[in-house]
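Note on naming: letters A, B, ... go to the chains in the order of the sequence lines (proteins, then strands), and numbering restarts at 1 for each one. Worth knowing before you read on, the calculation uses all heavy atoms, side chains too, and leaves out hydrogens, waters and symmetry mates.
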Amino acid sequence: MPYIPHTPEELQEMLSVIGVASLDDLFADIQADMRPKSFNIPSGKSEAELTACFENMAAKNKTDFINFLGAGYYDHYIPKAVDALSQRGEFLTSYTPYQPEVSQGTLQSIFEYQTAVCRLLDMDCSNASLFDIGHSLFEAGMMAARHTRKHTWVVDEAVNPIWRKMLATYSANQKINIVTVPHDSGKSDKNALMNAIGDDCAAVIVQNPNFFGAIDDFTELFNKAKEHKALGIISVYPVMQSILKTPGEMGADIAVAEGQSLGLPLSFGGPYLGMIACKKDLVRQMPGRIVGKTNDLNGKEGFVLTLQAREQHIRRAKATSNICSNQGLCALRSIIHMALLGPEGLKRTAETSMYLARILADKLTKLPHVGLLNDAPYGNEFAVRLPKNADEIAEKMSERGFLCGFPVGQYYQGMENVLLISCTEKNSEEQIDKLVNALGGLL
Amino acid sequence: MPYIPHTPEELQEMLSVIGVASLDDLFADIQADMRPKSFNIPSGKSEAELTACFENMAAKNKTDFINFLGAGYYDHYIPKAVDALSQRGEFLTSYTPYQPEVSQGTLQSIFEYQTAVCRLLDMDCSNASLFDIGHSLFEAGMMAARHTRKHTWVVDEAVNPIWRKMLATYSANQKINIVTVPHDSGKSDKNALMNAIGDDCAAVIVQNPNFFGAIDDFTELFNKAKEHKALGIISVYPVMQSILKTPGEMGADIAVAEGQSLGLPLSFGGPYLGMIACKKDLVRQMPGRIVGKTNDLNGKEGFVLTLQAREQHIRRAKATSNICSNQGLCALRSIIHMALLGPEGLKRTAETSMYLARILADKLTKLPHVGLLNDAPYGNEFAVRLPKNADEIAEKMSERGFLCGFPVGQYYQGMENVLLISCTEKNSEEQIDKLVNALGGLL
Amino acid sequence: MRTLFDKSVKGRTAVVPAMPKKHAEDMLPKSLLRAKPASLPELSELDVVRHFTRNSHKNFSVDGNFYPLGSCTMKYNAKVIEHIASLAGFSKLHPLTAQLKHGEQYVQGALQAVYEIEQVLCEINGMSAFTMQPMSGANGEFTGVMLIAAYHKDKGNKKTKIVVPDSAHGTNPASAMIAGYEIVNIASKDGMVDPKALEEALTDDVAALMMTCPNTLGLFETHLPEIVEKLRKIDALLYYDGANLNAIMGKMRVGDVGFDVVHLNLHKTMGTPHGGGGPGSGAVGVSERLTPYLPVGRVEKNNDGTYKLNFDYPKSIGYIAPFLGNFAVYVKALAYISRLGKEGIPRAAEYAVLNANYLRKKMDSFLHVPFDRMCMHEFVSSPPEGIKALDVAKALLEYGIHAPTIYFPLIVHECLMFEPTETENKDTLDNLVTLMEEFIKKGQQDAGFLQQMPLTTPLRRLDETFAARSMILKQEE
Amino acid sequence: MRTLFDKSVKGRTAVVPAMPKKHAEDMLPKSLLRAKPASLPELSELDVVRHFTRNSHKNFSVDGNFYPLGSCTMKYNAKVIEHIASLAGFSKLHPLTAQLKHGEQYVQGALQAVYEIEQVLCEINGMSAFTMQPMSGANGEFTGVMLIAAYHKDKGNKKTKIVVPDSAHGTNPASAMIAGYEIVNIASKDGMVDPKALEEALTDDVAALMMTCPNTLGLFETHLPEIVEKLRKIDALLYYDGANLNAIMGKMRVGDVGFDVVHLNLHKTMGTPHGGGGPGSGAVGVSERLTPYLPVGRVEKNNDGTYKLNFDYPKSIGYIAPFLGNFAVYVKALAYISRLGKEGIPRAAEYAVLNANYLRKKMDSFLHVPFDRMCMHEFVSSPPEGIKALDVAKALLEYGIHAPTIYFPLIVHECLMFEPTETENKDTLDNLVTLMEEFIKKGQQDAGFLQQMPLTTPLRRLDETFAARSMILKQEE
């Protein structure tokens, strides 16, 4: 019996202690007419059969593309020590650290994670993580709404459209009014954003680099928000954040990031990691778990979950959110990843990715009728306008073994010829030449 | 600098403590004319490059054959918990357990391994493992030579020819005389073996199931050996040993086995695991490490390396062998494997493998001019005589995606048409039908 | 206790990628760059490995310790499922591949996994459809309530309230609130929903009732058929909090008995590891009438046996996750379910309930067990007068056993809630009983004995008040 | 301390394969079957996982502890090399695939790995060829001596002796013995081979001299050129014990300076993990004149860049391993070498020697360091009068640091042999120095202080005499 240790003798002994004759007697409360009408699932498999079955299933996915697809989710190299350490049973199979005496491994890791997030984003406080960045953006918006007691979010259309869809879904039954400010050929329209900030504005929400790869400075925008007692919320890309002007430097109140690029595999969509950090005065609005430092009975330093009065298990309907679990293991992976790379490693990762993007952009724009979408500064990702439908091109390129980028038309009407292309340090100049060559043949 | 933690500042500080100006000064003892004449190896790779490079290399090997190749090395299923536990850093990166206070994890595992080996082989004492079974056979022979003070080994030709080659190599410069007794159509010629045992015989060495898969009972042979004050040495296959008559029951003095089938991947030849166990009176002749039970200062039970007076680091040229390291991690894997499968799991593995071998043998021998090599009882492996050269057939079958077995002709003259075929529980009746079908098409 | 930052030495490096051919300053205007590098820790690879290896030893975990932790189902997490979820064919897959034109052909295995787990969860729970998007149990609750809201809105129902029994998990009211509802609490009676209180609460503006069954007292809700009937009358929906599903798998299907929505905590019931707090997966199943509102994209099977991704559901509530939820987590759950199968899934429930009742019987000589009837997979109890649940919990830590859930549900005095799960053996249960009986006896004789516990854990009791007051939430530079 | 067998319960199962369609009794005559099943442990998968997880905590390891262990080179074992060696393309490969007709085409990646590591080890060591067959350092020594014997036999030389300095590892004489030689020991003088003793030992029947350089005192052998010359005169070969190669990589190549045979402990120098005692890999390199005798099969490169396996070496000593040695171990070594490369390999030696000399200097204020000259990657020392090396070793355990090698080499009084390796950082070394200085001072004031150590390790000092006398080598049924 897989994962069940009882021998027949033990079963009998235990039943007799309970005072019943059979296992079925334990379920007497469930009346006959409440029993399953059907239970038609496959029979159990041996571990060997199971492994073979899933190895076959995994083999039906194609993962050996030459890959230039990013769009918010990036294939950076993950040091193997991240797997080795995060898979240790003591981390993997531990519970939420409610018993701090026997959970210091997890608690200290989260404290270290919180510290690293604050330093990377240049903010005061971080929590122990949220589910993903879409979720972080929503919670950031709700923090702003609670803090300002206002209900309008001014959102840049150049924020990743998937995350904006999540914002819409999550806030649908809240008294939230989302004002989306159109982008300007892939650049954030800062004037329009400024103009959209009125006195009902709880927060302005932008992204850097934005969805199209454009890098900007939102200091002025956040100043404007402040004037209207609105908060500035910015979404950033952690790898690029190792070199870019920080949310703190721009005067943002809340910074969020998708932690996937810090040591999490792409895994077809999850689990990922919603990073969130804020200024000190917002910490009691921050949802989710937070670890704080303290001492034990003997005066030894240690860590506990703290500020739990904000949480659902105490405050129930009055909690700052309904969040119970975090992405504990994902946060652990990201702090291990950051510790292994350090500031220099992260910077080099960003720089090499950017360098390759420049090589690629140069070569691509030499192809006939291919041009950059705009003249904005960019990091490791940029958008090009093709002479043909980008969906069709991407399909043909995939047949040739390339994920050449993301055709943005499905999320932006009128941009059917635009392709969003990213590089990471795992790409090579050789791959770039192959891509340009193959793409050139299709135009 | 990969794996080197020193910062430039620390380097300077340390050099000045030592009192030298540069790293090169540390090597002043190596004179200029002794410096390398060349050092032309590739430049270092980043971890990402390294991983990509070896993933490419591994991809050049074909491992998706439908596999019926055994010949001493078998593709049984390895539970994933074996990997997860044996890869734990505390086991993987620990040293030989010379400091028992901080090595009980390793020591207890070896004690448990020794116990399991003794119980499986039905013998009194086991050591902490040897390199592989070829090595075990050699050391067993040397134990016999030391114990009996005689120099002739009577070896069944049906012992795996690769292991016999190792016996020859290892004993080449010893006063050992190897008498090889020819097999009888793949069966051990027990009469001839008995006749070969003279008063100069130190040991008779047989294998069960033998190389051709034949299962036998060597009780009488070992009795005969005893009469001549020779030892009986038997090599067995651990998975089949879960059901077969034991070395102990047959009266063997030393039993050896290749532990690969107990949780070790095939890995193109190693590392494997030389199991060896003997009767109590031979334990002081046994080479390699042995763990024994004892108590600590507080009376707590624990384990230590024991009987070290036999070993090379104490006895130097007078040691029972030159062995220093064992196959620690491989022995750990095998005890985890045995604990996960238990007697029932191991028995089922053997039985399903045998059952499939019977299905396969039945279907194969219905093909024209294909017959079993002999009428001996067999386990999960058997030899067939084909109407054509087995090498050629195996080559064509591999082109069709099958490892159909091992053509024995390269090790046994005159048996060029004989193919040795094995099944494990990982094979299926569907695979068997495919194999028979494909093979039928070639005959 | 030294943190990564304490151990950091400027200039020390571990996994450093190759030197870039250009630096940031040569590629971007300085005004767009950060003023100084982030002070992330600088360590060697060995430093990092040693740091986390040693810190891991300061954790209890299922791999090392028994966790009789009520409402959490801390069962064994099979190693094979980790192998499966980390197969390159899954882990290297970019989710947007599926959104390329005809890109589905490259992710057939992944879509198959999503399709199969949805199908198998439907069959286990008697539901019409499942969504795998919710990224945790609470996220599943939120999704479920959003689906309820979408249903009522679509039907033109004016509904503003959700009824939640007082024995419900704290996430229930919080989730309902975020989905825009007002909460009506109702009291329990004799461990069951009080039919009278329920009757009063069920006004026409009630959108749904959120139930946990077995409830958080470990008891099966015997009034279930009446409750269903009452709700149908006012077109209110019935929500099943699947936190306790481990008790009833194969014994009752929530769809069969009238529930409209169910969320499952796959990291509890379906054996995926808890990870020190996540990631989880909060799959949500719905009855026929709620299917139009499920999040998109949805995985569907074509006639030729291939799979596709469909976003064309105009009534959908939208995107709960960026893609299809915590894929790698529910692949583990699918592997677990496939391993156990038709026979093993009900068996898990049977032995979970067996273990809980065995513990209950063994403990009732020295603990107060308020409900003297068959429990399901967990039960509640109280220590003898004068002994605090907290002290019992801390004493267990000393003996290498994780604490039970304490002070929950609130309706039980000094509550100790035990859930041994089916994967623990009799020796382990007997050992717990022996230890507890012994130290509770000692505690009755000497009040200080339990209050000093634990003694030899990595740390002793920690000062939570100081933590909340001093708010040291990160290490200063 | 409960063993797997103590925890075993009859009938309990973990990973049970499917029920066979036939049982052994129906397939084989009863006379060929065992009378009763082997009493292997019967546990659940959770039992097994918990058992080994907990037991692992009773081990020191490089991942958790500093190992300044002389002659053992316990450097950091990179996690990436474990990933590489476990790639399915390597781990699933049946070795006999390569022996099928034209089977080499299916194992090109594996043959490439063998070829590449042989090539790179040749270049690092200045040798003509390498064999990867030897499965450990001692096995490599044996192979090396067998090659020496084959050479002399082939040339018709009558050679019966091998000369071994007293500072050599115990495996040297043992290996030479098993290869059929008589051993001649020679004494050291001032930490070097005594030229006079050597002169006397070098009679015409000497087949070879086995040297460790730097020797086991951590000192570079300054008489090396003369020694080589003397041996050449009597057609004796020079054997290099590569245990200490970590000191000289990139600084000297043993082939360049006249050695004929070298064995390497890849699990020391090339960073593969020690595994609690193995598996190792004892690659052996030879000069041109010894290549004909190398074990078969040998991997060779075809003109088209593909690789083949050649068994056609009539003078070969035969099979040292069943196939090509501990493949998965030396794949790790190849990965390590490829990661470090041309720059990193010599750097490892430089920093290993730096760390050793730094420790030596820091410790000479409270330890007796007999050789006041530059050491290589390790150095020997003695504790102050009245303090035993054993007690120092045991005290270090108490502080979480593995003991140095003690009482070896025998020629140093109460020897403590330290080898910090290049992967340890300065803080770790400083911490060792501080701790030792402190506890040695305490030990000088209070003799009992060190003798009681360790106090809080999983066990305290164990009774080795009792173990040897009682000979409990397995658990009785």
Side-chain angles (χ1 to χ4, degrees), chain B residues 5 14 18 23 26 29 36 43-44 54 57-58 60-63 79 85 89-90 93-94 96 100-102 104-106 115 120 131 165 169 173 243 265 267-271 292-294 296-297 301-302 306 312-313 316-317 319 322 324-325 327-329 340 342-343 348 351-352 355 391 395, chain D residues 1 14-15 17 20 22 24 37-38 40 42 52 55-56 58-63 84 87 89 91-93 95 101 106 108-110 135-136 138 170 173-175 177 180 183 220 253 275-279 318-319 323 326-328 341 344 350 353 357-358 425 457 459-460 462 467 472 474-475:
Chain B
M14 293 171 79
I18 299 169
L23 283 168
L26 299 169
D29 280 343
S43 276
F54 277 85
M57 206 188 286
K60 290 185 199 157
N61 301 316
K62 182 170 166 64
T63 54
L85 295 170
E90 295 92 331
T93 71
S94 63
T96 308
E101 297 86 350
V102 296
Q104 288 298 309
T106 295
T115 303
L120 185 64
F131 305 133
K165 277 189 181 273
T169 300
N173 291 351
I243 56 165
S267 282
F268 200 57
K293 196 171 169 182
T294 187
D296 84 346
L297 259 182
E301 289 181 325
T306 192
Q312 36 66 28
H313 66 283
R316 300 179 74 89
N322 72 327
C324 180
S325 67
Q327 299 289 96
L329 203 71
L340 286 166
R348 287 191 185 183
E351 287 173 337
T352 296
Y355 170 77
D391 267 325
E395 181 187 5
Chain D
M1 192 285 301
V15 184
K22 270 191 176 178
L40 297 176
E42 300 179 66
F52 285 99
N55 277 3
S56 78
K58 300 182 190 162
N59 263 10
F60 273 17
S61 65
V62 174
D63 276 8
I84 284 170
L87 288 167
S91 70
K92 290 189 173 176
L93 211 53
K101 191 172 175 202
Y106 305 117
Q108 283 296 305
M135 294 171 283
S136 76
S175 299
M177 203 66 178
I183 312 305
F220 190 83
R253 306 195 313 165
Y319 283 37
F323 304 104
N326 283 349
F327 178 78
E350 289 165 4
V353 174
N357 278 291
Y358 177 75
N425 67 35
T457 44
L459 290 181
R460 296 189 59 202
L462 288 103
I472 306 170
K474 66 167 188 201
Q475 186 161 341

Q: Considering only heavy atoms, which portion of B:Leu26 lies under 4.5 Å from any heavy atom of chain D: side chain, backbone, both, or neither?
A: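 Contact with chain D involves both backbone and side-chain atoms of B:Leu26.
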
Q: If you take all heavy atoms of D:Leu87 and B:Phe54, which pair is closest and at what distance?
A: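 Taking every non-hydrogen atom into account, CD1-O, 3.7 Å.
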
Q: Quick check on B:Leu297 against chain D: is it the side chain, the backbone, both or neither that has a heavy atom closer than 4.5 Å?
A: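 The answer is both parts of B:Leu297.
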
Q: Could I get the full list of ring-ring contact (aromatic ring centres under 6.0 Å, His included) partners for D:Tyr358, not counting sequence neighbours?
A: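 If we apply the ring-ring contact (aromatic ring centres under 6.0 Å, His included) test to D:Tyr358, skipping adjacent residues, there are no hits.
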
Q: Do B:Gln327 and D:Asn326 touch side chain to side chain, with heavy atoms closer than 4.5 Å?
A: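 B:Gln327 vs D:Asn326: side chains touch.
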
Q: Name the option with the most non-hydrogen atom pairs under 4.5 Å to chain D; the candidates are B:Pro271, B:Ser325, B:Pro100.
A: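 When all of B:Pro271, B:Ser325, B:Pro100 are compared, B:Pro271 has the most.
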
Q: Most heavy-atom pairs under 4.5 angstrom with chain D, which of B:Val102, B:Asn173, B:Thr294?
A: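 Going by pairs under 4.5 Å, I would pick B:Val102.
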
Q: Considering non-hydrogen atoms only, spot the tightest contact between B:Pro36 and D:Arg253 and give its length.
A: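 Looking at all heavy atoms of both residues, the closest pair is CB-CG, 3.6 Å.
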
Q: Which one, B:Pro79, B:Gly302, B:Gly89, leads in non-hydrogen pairs under 4.5 Å with chain D?
A: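 Result: the option with the highest number of such pairs is B:Gly89.
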
Q: ring-ring contact (aromatic ring centres under 6.0 Å, His included) with B:Tyr355: which residues, sequence neighbours excluded?
A: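 By the ring-ring contact (aromatic ring centres under 6.0 Å, His included) rule, B:Tyr355 matches no residue at all.
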
Q: Donor-acceptor pair, distance only, cut-off 3.5 Å: does the side chain of B:Thr115 make one with the backbone of D:Gln475?
A: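 Yes; at least one donor-acceptor contact below 3.5 Å.
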
Q: Between the side chain of B:Asn322 and the main-chain N/O of D:Ala174, is any donor-acceptor distance below 3.5 Å?
A: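 No; judged by distance alone, with no hydrogens or angles, the pair does not exist.
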
Q: About how many Å separate CD of B:Gln104 and NZ of D:Lys58, when rounded to the nearest 0.5 Å?
A: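 These two atoms lie 7.0 Å from each other.
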
Q: Between chain D and each of B:Glu101, B:Met14, B:Met57, count heavy-atom pairs under 4.5 Å; write down the option with the most.
A: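 The candidate making the most pairs under 4.5 Å is B:Glu101.
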
Q: Mind ranking B:Asp391, B:Leu85, B:Thr352 by heavy-atom pairs under 4.5 Å with chain D and telling me who comes out on top?
A: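 Ranked by contacts with chain D, first place is B:Leu85.
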
Q: Just verifying a value: how many Å separate D:Asn59 CG and B:Thr106 OG1, rounded to the nearest 0.5 Å?
A: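 Here the interatomic distance stands at 3.5 Å.
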
Q: Please state whether the side chain, the backbone, both or neither of B:Thr306 comes within less than 4.5 Å of a heavy atom of chain D.
A: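 B:Thr306 touches chain D through side-chain heavy atoms alone.
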
Q: Rounded at 0.5 Å granularity, tell me how far NZ in D:Lys22 sits from CD in B:Glu351.
A: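 Going from NZ on D:Lys22 over to CD on B:Glu351, the span is 11.5 Å.
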
Q: Counting only heavy atoms closer than 4.5 Å, note whether D:Phe327 contacts chain B via side chain, backbone, both or neither.
A: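 Both parts, heavy atoms under 4.5 Å.
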
Q: Determine the minimum heavy-atom distance between D:Glu42 and B:Pro343, stating which atoms define it.
A: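 Answer, listing the atom of D:Glu42 first, then B:Pro343: CG-CD, 3.5 Å.
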
Q: Ignoring hydrogens and angles, tell me if any N or O in the side chain of B:Glu90 forms a donor-acceptor pair with the backbone of D:Ser61 under 3.5 Å.
A: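 A pair under 3.5 Å: no.
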
Q: Check whether B:Thr169 reaches the backbone of D:Tyr319 with its side chain - one donor and one acceptor, N or O, closer than 3.5 Å.
A: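 Side chain of B:Thr169 to backbone of D:Tyr319: a pair is present.
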
Q: Considering all heavy atoms of both residues, which atom of B:Leu23 and which atom of D:Glu350 are nearest to each other, and what is their separation?
A: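 What the structure gives for the nearest pair is CD1-OE1, 3.6 Å.
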
